[in-house]
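Note sheet for the following structure.
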Amino acid sequence: MAEVLAPRLPLSAAYFDPAFINCLSSAIADADLVHQFCRLYGSKLNTPQRTEKDMAAFTGFVHDSIYLRLPDEAIHYARLQQAAKAEAIALAANSRERGHA
């Protein structure tokens with residue numbers, strides 16, 4: 001099987017990468033990861049006093065510590081999953097439009 005190459009994007013562009021969005025969503029849902037991040041970085045991300053600065057720091061942390069270190073196969077798979085979801089949504093919408101025409 002051919003090797004899959006999945007380039008990683010710089011943080012400013014990663015916001016448009018389904019693989020990065022998946023990493024970010026999974027990371028923020030992990031209460032222990034968020035707690036340890038707050039402990040190590042002095043962040044208030046897990047409190048009502050969180051700021052935009054806290055979220056930006058967490059986003060940078062996820063980008064550097066998780067996204068950039070994932071195997072190419074994981075990045076590639078996350079991108080394919082998102083493309084398949086988008087295609088399914090488009091097909092459903094197109095089917096509904098034809099049914100109401």
Side-chain angles (χ1 to χ4, degrees):
M1 183 172 186
E3 184 177 336
V4 174
L5 296 178
R8 306 312 183 277
L9 303 174
L11 182 57
S12 59
Y15 288 106
F16 301 103
D17 184 356
F20 177 66
I21 298 304
N22 187 37
C23 288
L24 196 54
S25 296
S26 297
I28 200 73
D30 186 329
D32 189 49
L33 178 67
V34 172
H35 174 75
Q36 294 303 328
F37 170 80
C38 291
R39 184 181 67 78
L40 291 169
Y41 290 87
S43 172
K44 295 181 180 179
L45 185 63
N46 58 353
T47 71
Q49 293 82 28
R50 69 182 158 268
T51 65
E52 226 176 275
K53 183 179 172 187
D54 292 318
M55 193 60 203
F58 186 73
T59 302
F61 168 78
V62 169
H63 183 265
D64 295 343
S65 301
I66 300 172
Y67 172 76
L68 292 178
R69 300 178 194 309
L70 281 175
D72 285 340
E73 293 81 10
I75 297 290
H76 182 69
Y77 180 71
R79 290 174 181 159
L80 285 177
Q81 274 188 310
Q82 186 60 33
K85 284 180 190 176
E87 184 177 346
I89 290 168
L91 287 172
N94 193 14
S95 176
R96 278 193 303 269
E97 285 176 8
R98 280 195 226 136
H100 295 293

Distance-only, no hydrogens or angles: does the [X] side chain make a donor-acceptor pair with backbone N or O of [Y] under 3.5 Å?
X	Y	result
R50	T47	yes
S95	L91	no
H63	F20	no

task: Apply salt bridge (Lys or Arg N to Asp or Glu O under 4.0 Å) to D17 and list each qualifying residue two or more places apart in sequence or on a separate chain.
output: R79
Which heavy atom of [X] sits nearest a heavy atom of [Y], and at what distance?
X	Y	answer
Y67	P7	OH-O, 4.3 Å
A78	N22	CB-ND2, 4.4 Å
G60	L11	CA-CD2, 4.1 Å
F37	A57	CZ-C, 3.7 Å

message: For a quick check under 3.5 Å, do T51 and D54 share a side-chain donor-acceptor pair by atom type?
response: yes
query: Cluster question for you: counting only ILVMFWY and a side-chain heavy-atom cut-off of under 4.5 Å, with indirect links fine, are Y77 and F16 together?
result: no
field: Hydrophobic cluster identity match, L80 and I21, side-chain contacts under 4.5 Å
entry: no
Please tell me if the side chains of [X] and [Y] come closer than 4.5 Å, counting only heavy atoms from C-beta onward.
X	Y	answer
I28	L45	yes
D72	R8	yes
F58	L24	yes
I66	L33	yes

Hey, what do you get for [atom1] ([X]) to [atom2] ([Y]), rounding to the nearest 0.5 Å?
X	Y	atom1	atom2	value
L5	E73	CG	CD	9.0 Å
N46	R39	CG	CZ	12.0 Å
I75	C23	CD1	SG	5.5 Å

query: Is there a side-chain contact (heavy atoms from CB on, under 4.5 Å) between L9 and Y15 once you walk through the steps?
result: CA-CA 9 Å; L9 303 174; Y15 288 106; over 6 Å; no
